2 protein chains.
Amino acid sequence: DRKSDHLRVGPYVDFPVSVVLPAGGSGERTGLQTPKQFCPFLGRPLISYTIESFERVSWIQTIMVVVAKENIGLMMDIIQQFQHKKVRVVPGGSTRHRSICNGVVALGEEGRPAADKPKVVIIHDAVRPFVDEDFLYKIAVAAKEQGAAGAIRPLVSTVIATTSEGYLDHSLERAKYRASEMPQGFTYDVIYQAYQRCTESDFEFGTECLHLALQYCGTNAKLIDGPPTLWKVTYKRDLAAAESIIKETLSQSACLITGGLEVGVTLGKFLQKAFGSLDMELNVTPDLMGDNVRYLLKDWNFILVSVSPSCLSEVEAILTALQAENRALLNPAVIIWMHLSGTDEPSTSGRPAESAALISLASTAKLRNILLYGIRLHQPEDTEQWERSASRVADIASALIRDRNPALVGQLLQA
Amino acid sequence: DRKSDHLRVGPYVDFPVSVVLPAGGSGERTGLQTPKQFCPFLGRPLISYTIESFERVSWIQTIMVVVAKENIGLMMDIIQQFQHKKVRVVPGGSTRHRSICNGVVALGEEGRPAADKPKVVIIHDAVRPFVDEDFLYKIAVAAKEQGAAGAIRPLVSTVIATTSEGYLDHSLERAKYRASEMPQGFTYDVIYQAYQRCTESDFEFGTECLHLALQYCGTNAKLIDGPPTLWKVTYKRDLAAAESIIKETLSQSACLITGGLEVGVTLGKFLQKAFGSLDMELNVTPDLMGDNVRYLLKDWNFILVSVSPSCLSEVEAILTALQAENRALLNPAVIIWMHLSGTDEPSTSGRPAESAALISLASTAKLRNILLYGIRLHQPEDTEQWERSASRVADIASALIRDRNPALVGQLLQA
Ligand SMILES: [Mg+2]
Ligand SMILES: [Mg+2]
């Protein structure tokens, strides 16, 4: 999340850096009608995740998004809905290079004081959402020192040259080559001059900015090994891969709110162990007041212990608190109402009022991007029962948290 | 599924074809301890999916799996558990080429009549599970005609040559090159001779079988554009992508069993429309007897209409029928017990006995690879109510079917 990210920024970049984000692709390779950069993931378009990756880096100034004219309105809506602050939008050209060039020129024409003109321009793809600050730092510094820098990855497949008739001509020795990926960084002067000097044919058919910097400015880019998460969302299968990474990021930990109940503390003790064996961290807190507000600002998942069968007022309170902090603006939050029924109540009895109230509250919460579920547990009586119950609760709760399935909100599950 | 696949085979191959499947990789790029080919997807190792893709092609004879010595026991267990019939296992060598060579030699030494010696050998990767019969046909026929044939894909990234100091040397013109993928096909004589003639250095450092065929047999392989689903499961993100493809394949359709109830037929009518808008087909049938057994043999998902609150005997009957057909051997089947409560019963009331019986039966079913869930619906009274209810049921049922989440079995959800 943003606030905690701001606390753990790495080395600071002391020169102005801005970003050009071409987002003009048609997405034909996914087989979908919507261009990939606008495909929703958990209700948010992919490009907003990419923007978020840059926006949370404190030393990045402007993110110049270049979109096809017909998508400018859509892009402005995305910026408004997700409250992006560093973004400017310019219309794209007819090719990738023309679009990037428009973005570079627009960064130089911002009419700001000269000191703010970017020293380094980072060029990225809208469909590579998972770039992190450490890697951006390496690219920015290398670009400033060398004039140009780019991410590379090992080749996954052998590359071969084909004859015009469709036969093997020769294969390349894989170890000598690399895949050129994004982000790439350039000093403003290098990328600006490269586009000033390149030909119409480069604009029309070229794909590689590093090549233009070499050919027209004599700049040999520094190549930096990037992480696999830099890959480009290209095919339909990549949509599932991206969604899985997003969901995993949101499911690292959950916060159990005991309400100060003794039985809540006991549950917390057993549940921490059960979550641990599922690779999830569980923070246990009596409430979200005072210092404990840090959980509200950090966690995406809340489990609220209750012993009162028909009272959802604690859930309403946390819904209000999350909304006051605008916490679910970028990602859906999860609340699990954890009802521990007393030893004298039959554990599997559903009360119509309880169930209907949860369904109704979940509908309201969903409109605020908060996914509300319920789990009912018959209060265990000894250690062995507690361990088995905690294991079932952890299985169900982690499944709800990891899946974040909007079709199941309001359901009261039996642990 | 297998039975329906056998009905729709494409053109038949009238010469003997066998497969070598090297499965020796260490899987280090996924960041997981288990090699990728043995990673479970819905409880089944990836390599079993790959084997299934070949096994269901009627004109493929032997699948020679080459595994590291330490994994032979594991591989034999997989073959037994999933009842693979065409597989033989040989120990791998210290490199990919040595492993493939072992497989090729073993195919020639099977001691069968000479007529059965494969004319064509298809070489594939254990971690490319989604190869289909049509493409295998193209490769086999081209291999027989040309001596060698291989799958290619367009390059996703520009390929660049680097200097020894880590700078850009030059970039390749993307249009002139292709990624070499699998499967590849060879006449037995070409691949056998290529391995007889190649050097220790080829065995040690080479990666490309097509290159050996060219260099040592003068055979220019025919290159055939393959579908994107041929990609190699390489990184952690690819595991999520593969799982998503497997789940999607199992979620194309569901079968609603009305039990001959009038209310079931009504539900079916509204539900077909609601499923349609979620891109799922719904087959409606009174039972699974006689001709209707085809649904039992074809569908992976069953929705069973019931108006009796505490009677799960229909569920038990379908569990028995699925088990008799060994239907859930390769993939988990889903059963949703759809309970329509009468207009005089409170819709949200759960009966303890009902809920406990479902949980208990779901535990038993899970051991047979069948995922049992429940949905409760208060019987609608007019068309408008039916439409809204059917839409909620379709949302919940399709979520259960698509997720196939074992942590949620036995839950009785409220539509
Ligand atoms: Mg960061
Ligand atoms: Mg087939």
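First the proteins, then the strands, lettered A, B, ... as listed; each starts at 1. Please read these numbers as outputs of a predicted model, since none were measured by experiment.
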Kindly compute the distance separating [atom1] ([X]) from [atom2] ([Y]), expressed to the nearest 0.5 Å.
| X | Y | atom1 | atom2 | answer |
| --- | --- | --- | --- | --- |
| A/H170 | B/Q215 | NE2 | CD | 13.0 Å |
| A/L223 | B/I160 | CG | CD1 | 4.5 Å |
| A/R237 | B/I245 | CZ | CD1 | 7.0 Å |
| B/S244 | A/D238 | OG | CG | 10.5 Å |

At a heavy-atom distance under 4.5 Å, which candidate from A/I152, A/V159, A/T163, A/D395 has the highest pair count against chain B?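 Sorted descending by pairs with chain B, the first entry is A/V159.
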Could you check which of A/M182, A/E173, A/E165, A/H211 has the highest count of heavy-atom pairs closer than 4.5 Å to chain B?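 Ranked by heavy-atom pairs under 4.5 Å with chain B, first place is A/H211.
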Is B/D225 in contact with chain A via its backbone, its side chain, both, or neither, using a 4.5 Å heavy-atom distance?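 For B/D225, neither part sits under 4.5 Å from chain A.
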Is chain A contacted by the side chain of B/L214, its backbone, both, or neither, given a heavy-atom distance below 4.5 Å?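 Side chain only.
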Are the charged groups of A/K236 and B/E248 less than 4.0 angstrom apart, N to O?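 Judged by the 4.0 Å cut-off on N to carboxylate O distance, A/K236 and B/E248 do form a salt bridge.
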Side chains of A/S171 and B/E208: any donor to acceptor distance under 3.5 Å?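 Side chains of B/E208 and A/S171: no pair found under 3.5 Å.
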Residue among [options] with most heavy-atom pairs under 4.5 Å to chain A:
| options | value |
| --- | --- |
| B/G150, B/A161, B/G166 | B/G166 |
| B/Y177, B/Y167, B/F205 | B/Y167 |
| B/D403, B/L408, B/L400, B/T219 | B/D403 |
| B/N220, B/T162, B/N405, B/T158 | B/T158 |

Answer yes or no: is there a side-chain heavy-atom contact under 4.5 Å between [X] and [Y]?
| X | Y | result |
| --- | --- | --- |
| A/L172 | B/L172 | yes |
| B/Q414 | A/I359 | yes |
| A/K222 | B/L168 | no |
| B/Q411 | A/Q411 | no |
| B/V156 | A/Y235 | yes |

Considering non-hydrogen atoms only, spot the tightest contact between A/A407 and B/I396 and give its length.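 Answer, listing the atom of A/A407 first, then B/I396: O-CG1, 3.6 Å.
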Identify the two heavy atoms, one from B/A240 and one from A/A241, that lie closest to each other, and give their separation to 0.1 Å.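 What the structure gives for the nearest pair is CB-CA, 4.3 Å.
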